[in-house]
2 protein chains.
Amino acid sequence: MKPIIQDIFRGLTFTDDELLQISGKLHKTSILRKEHLIEPGKDVNHFYYIHAGCLRTYFIDPAGKEHTLQFAIKGWWTSDYIALFGKGDTKSVAYIECIQDATLYKVAKSDFDELCREIPKVSRFHVQNLESAFAAFQRRILENLMLSAKERYIAFVQAYPNIEQSVKNYHIASYLGITTESLSRIRRNIALD
Amino acid sequence: MKPIIQDIFRGLTFTDDELLQISGKLHKTSILRKEHLIEPGKDVNHFYYIHAGCLRTYFIDPAGKEHTLQFAIKGWWTSDYIALFGKGDTKSVAYIECIQDATLYKVAKSDFDELCREIPKVSRFHVQNLESAFAAFQRRILENLMLSAKERYIAFVQAYPNIEQSVKNYHIASYLGITTESLSRIRRNIALD
DNA sequence: TTGATTTCTTACCCTACGTCAATTTTTACG
DNA sequence: CGTAAAAATTGACGTAGGGTAAGAAATCAA
């Protein structure tokens, strides 16, 4: 378990006692392509750390259209944060789908909060991550405001360089906020430079 | 100073000693309409708590167009979080403009981090706020993906019910990612229901 | 391998929103 | 106040991206 913990909390070093505390709260799971980790209406109480594989978080709007909020790859965390961090109840409103066979380590939010209280450096680690995420979200919102669909696609490919293999075209389109057809046109347009 | 601290950290109660620690790090400022709190290139080291008034954070893209990232009103914090929380240096890339005469309380990020270390409940308060913001950002990204300009405008008016007086129409347009002209047409369209 | 299913591309037309320019309305200020 | 400046509206027209439908290509399953 130790190597995984050090993988998860990169940059931190723990005493044997702390390692024990943490590993008691960390549970290995795996999930296969096309299976769903989370679906609307289900209770959400965990964070999931991705040790291998790839998942995507998406929503379905009243018109039945999918909207991809994020892809999560090796080394990232995922969950339905709207349910987990939001004020309301903890019922999910999102789908989290496995798009490449994955190995996950899950921690209950309540267990994680406990770890934060018991081990201050875990708390600081969490704050640090939340702050980075905060900046990253602002950048994404700006990117959506400032860039055209073509520019956003180019930015996406740069941000997730090796994801294109595992991800369907329509996943990317729904992440960028356009249709597959438009994405197809954009790709052709880029190709003939 | 005590009433302001209790206003800022709603829900927490502090000992006299803690109040002293906090008030030593909190500095009152005020700013007038049309002045800028932050401009690109300036160093950003503080959070600003808004006790009264209204500010907006915006960016100017290479084409010279403004994009409003957020409005900050009484009871909110503001800063250039991309600079303050991002990995890179602390030079601002944003403008923060006062759009209604404001009274602010500022804290240096380094002082705030110190408070978090010294007073655990402040740290928990911060984590709680970051987590809510995290969920809120996801909701905003989704809203941008799912809703039409008209629907986003309606959502905006509901989210900031009494802001319309102080905010220019083109501020709202640049927040919604549309032009003033489009916003004008949307408003007319809504009027004749 | 081959047929079936899923995904991607292309073509056609349509719509929401952008651009430009003129006009009216509102706000600021001497 | 009245005038200038700023903001909002309107109209004519352009364009990015959407909707639909059909075919091509890739992937899967047996």
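Below, chain A is the first sequence line, B the second, and so on; all start at residue 1.
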Once you round it to whole Å, what is the distance between [atom2] of [N] and [atom1] of [X]?
| X | N | atom1 | atom2 | value |
| --- | --- | --- | --- | --- |
| B/L183 | C/dG18 | CG | P | 10 Å |
| B/K150 | C/dG18 | NZ | C1' | 19 Å |
| B/I99 | C/dA28 | CD1 | P | 13 Å |
| A/E181 | C/dC14 | CD | C1' | 14 Å |
| B/R188 | C/dT24 | CZ | P | 15 Å |
| B/K34 | C/dT27 | NZ | P | 12 Å |

Below 4.0 Å: OP1/OP2 of C/dG18 and any side-chain N or O of B/T179: yes
Phosphate contact (C/dG18 OP1 or OP2) by B/S182 side-chain N/O below 4.0 Å: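 Answer yes for this pair, as a side-chain N or O of B/S182 is under 4.0 Å from OP1 or OP2.
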Sugar-phosphate only, base, or nothing, as touched by B/R152 at under 4.0 Å among non-hydrogen atoms: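 If one applies the 4.0 Å heavy-atom cut-off, B/R152 turns out to touch nothing in the nucleic acid.
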Short N-O contact, B/R117 and B/D113, less than 4.0 angstrom: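 So B/R117 does not pair with B/D113 through a salt bridge.
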Start and end of the DNA chain D segment that chain B contacts, any atom under 4.0 Å from a heavy atom: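 On DNA chain D, the outermost contacted nucleotides are D/dA7 to D/dA12.
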From CD (B/E97) to CD (B/E35), nearest 0.5 Å: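 The distance works out to 10.5 Å.
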Candidates C/dA11, C/dC8, C/dG18 - which lies nearest the side chain of A/N169: C/dC8
Proximity to the side chain of B/I178 - top-ranked nucleotide from C/dC17, C/dT7, C/dA21: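 Nearest to the side chain of B/I178 among the choices is C/dC17.
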Aromatic plane relationship, A/H171 with A/F71 - under 30° parallel, 30 to 60° tilted, over 60° perpendicular: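 The arrangement is tilted - the two ring planes meet at 30° to 60°.
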Cation-pi, A/F85 ring and B/R139 (6.0 angstrom, 45 degrees): no
A/R185 to A/Y153, cation-pi by 6.0 Å centre distance and 45° axis angle: no
Residue whose closest nucleotide on DNA chain D lies nearer the 5' end, A/S148 versus A/K168: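 Taking each residue's closest nucleotide, the earlier one in sequence belongs to A/S148.
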Criterion ring pair (Phe, Tyr, Trp, His ring centres under 6.0 Å) against A/F112, the qualifying member of A/Y48, A/F47, A/Y49, A/F125: A/F47
Check: A/R187 side chain, C/dT7 base, donor-acceptor under 3.5 Å: no
Selection residues 4-22 of chain A - residue pairs positive for salt bridge (charged side-chain N to carboxylate O under 4.0 Å, His left out), sequence neighbours left out: A/E18-A/K121
Given DNA chain C, 5'-ward residue of the pair B/K65 and A/H171, judged by closest heavy atom: A/H171
